[in-house]
Amino acid sequence: MNPFVKKLIINSIVSIALATTSFLLIFFLVKVPPKTLICDACFATAAFQLAGIGFLALFRTGIFDGLNYTFTIFGNLFRKDMTKKKYADAYDYKCKVTEKRLKNPLFFYPYLVVGSTFLIVAIIFEFI
């Protein structure tokens with residue numbers, strides 16, 4: 001199977017499952033009138049999906065690489081062999097993480113489609 005198609009199928013299933021789960025949780029746990037409930041549940045689901053894309057894109061730009069490196073160093077303190085380092089310094093860590101990001105590009109299309117669909121449904125139910 002083509003790797004692009006495989007990623008598309010997996011991310012689509014995950015996106016739909018996350019959206020459905022969050023919609024159903026909000027729909028069954030919140031006690032408000034039905035029309036308002038559908039609108040609120042759809043909007044919250046859309047916000048969850050679209051904000052997730054934003055946070056993932058922000059994380060993938062490398063803004064938090066220094067913080068991640070710090071946690072990696074902190075985790076090394078609890079290893080049995082403390083003399084063996086995974087990365088020589090912060091620059092080496094950043095280079096390896098950048099290489100990994102280039103090999104695995106961000107694939108956000110299913111989340112964007114599902115989030116936009118729920119946003120459109122929320123807007124429609126708001127004006128009905």
Side-chain angles (χ1 to χ4, degrees):
M1 181 183 288
N2 185 358
F4 178 79
V5 174
K6 186 177 179 180
K7 258 188 174 181
L8 179 66
I9 291 171
I10 291 171
N11 283 317
S12 297
I13 291 170
V14 169
S15 174
I16 292 169
L18 285 174
T20 304
T21 303
S22 66
F23 177 81
L24 292 175
L25 280 173
I26 294 168
F27 190 78
F28 288 115
L29 294 180
V30 178
K31 305 293 183 205
V32 293
K35 180 188 150 213
T36 307
L37 182 61
I38 292 173
C39 177
D40 291 348
C42 286
F43 183 77
T45 301
F48 173 68
Q49 292 275 322
L50 298 175
I53 294 169
F55 288 133
L56 187 59
L58 188 67
F59 187 78
R60 298 274 303 203
T61 59
I63 289 177
F64 300 110
D65 283 347
L67 185 64
N68 289 341
Y69 177 69
T70 304
F71 280 114
T72 302
I73 295 298
F74 184 70
N76 285 340
L77 294 175
F78 298 103
R79 295 174 66 181
K80 288 183 180 179
D81 186 14
M82 288 178 43
T83 58
K84 183 181 177 187
K85 289 185 177 180
K86 204 171 185 182
Y87 306 103
D89 56 0
Y91 181 74
D92 183 42
Y93 174 79
K94 183 154 179 77
C95 289
K96 290 188 180 182
V97 170
T98 304
E99 286 177 18
K100 189 187 291 186
R101 284 189 192 118
L102 292 175
K103 288 180 186 176
N104 300 318
L106 182 62
F107 195 78
F108 62 89
Y109 301 114
Y111 302 97
L112 183 65
V113 169
V114 171
S116 300
T117 303
F118 272 95
L119 185 62
I120 291 168
V121 170
I123 292 170
I124 290 171
F125 272 98
E126 180 65 30
F127 293 111
I128 287 181

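No experiment lies behind these values; they were computed from the predicted model shown.
Both Leu8 and Ile53 are part of a single hydrophobic cluster, where members link through side-chain heavy atoms under 4.5 Å apart. Leu24 is not connected to Ile13 by any chain of hydrophobic side-chain contacts under 4.5 Å among Ile, Leu, Val, Met, Phe, Trp and Tyr, and they are in different clusters. Taking hydrophobic clusters as Ile, Leu, Val, Met, Phe, Trp and Tyr residues chained together by side-chain heavy-atom distances below 4.5 Å, Phe108 shares a cluster with Leu18. Val14 and Phe48 fall within a single hydrophobic cluster, where Ile, Leu, Val, Met, Phe, Trp and Tyr are joined by side-chain heavy atoms under 4.5 Å apart, directly or via other members.
Shown here are the side chain to side chain contact (heavy atoms under 4.5 Å, CB included) partners of Tyr91, two or more places apart in sequence or in another chain: Asp89, Cys95. For Lys7, the salt bridge (Lys or Arg N to Asp or Glu O under 4.0 Å) test picks out no residue, with sequence neighbours left out. Every residue meeting the ring pair (Phe, Tyr, Trp, His ring centres under 6.0 Å) condition with Phe74, not counting sequence neighbours, appears here in chain and number order: Phe78. The side chain to side chain contact (heavy atoms under 4.5 Å, CB included) search around Phe27 returns Phe23, Leu37, Ile38, not counting sequence neighbours. Checked against side chain to side chain contact (heavy atoms under 4.5 Å, CB included), Ser15 has the following partners two or more places apart in sequence or in another chain: Gln49, Pro110, Tyr111, Val114. Lys31 meets the side chain to side chain contact (heavy atoms under 4.5 Å, CB included) test with no other residue; sequence neighbours excluded.
Hydrophobic cluster membership of Leu25, counting Ile, Leu, Val, Met, Phe, Trp and Tyr whose side-chain heavy atoms lie under 4.5 Å apart directly or via other members: Leu29.
With rounding to the nearest 0.5 Å, the separation of OG1 in Thr98 from CZ in Arg60 is 10.0 Å. Atom-to-atom distance recorded for Thr21:OG1 and Ile16:CD1 is 11.5 Å, nearest 0.5 angstrom.
Under the salt bridge (charged side-chain N to carboxylate O under 4.0 Å, His left out) criterion, no residue pair touches residues 40-57, with sequence neighbours excluded.
Put simply, the side chain of Thr20 never gets that close to the backbone of Ala17: no donor and acceptor are under 3.5 Å apart.
A 6.0 Å sphere centred on OH of Tyr109 holds no more than 12 heavy atoms belonging to other residues, nucleotides or ligands.
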For residues 64-71, tabulate all N or O donor-acceptor pairs below 3.5 Å that involve a side-chain atom, not counting sequence neighbours.
{"from": "Asp65", "atom 1": "OD1", "to": "Arg101", "atom 2": "NH2", "distance (Å)": "2.7"}
{"from": "Asp65", "atom 1": "OD2", "to": "Lys94", "atom 2": "NZ", "distance (Å)": "3.2"}
{"from": "Asp65", "atom 1": "OD2", "to": "Arg101", "atom 2": "NH1", "distance (Å)": "3.3"}
{"from": "Asn68", "atom 1": "ND2", "to": "Phe64", "atom 2": "O", "distance (Å)": "3.4"}
{"from": "Thr70", "atom 1": "OG1", "to": "Gly66", "atom 2": "O", "distance (Å)": "2.9"}

What donor-acceptor contacts under 3.5 angstrom involve side-chain atoms of residues 115-128, with partners at least two apart or in another chain?
{"from": "Ser116", "atom 1": "OG", "to": "Leu112", "atom 2": "O", "distance (Å)": "2.7"}
{"from": "Thr117", "atom 1": "OG1", "to": "Val113", "atom 2": "O", "distance (Å)": "2.7"}

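In this structure, Thr72 and Tyr93 have side chains that are in contact, with non-hydrogen atoms separated by less than 4.5 Å.
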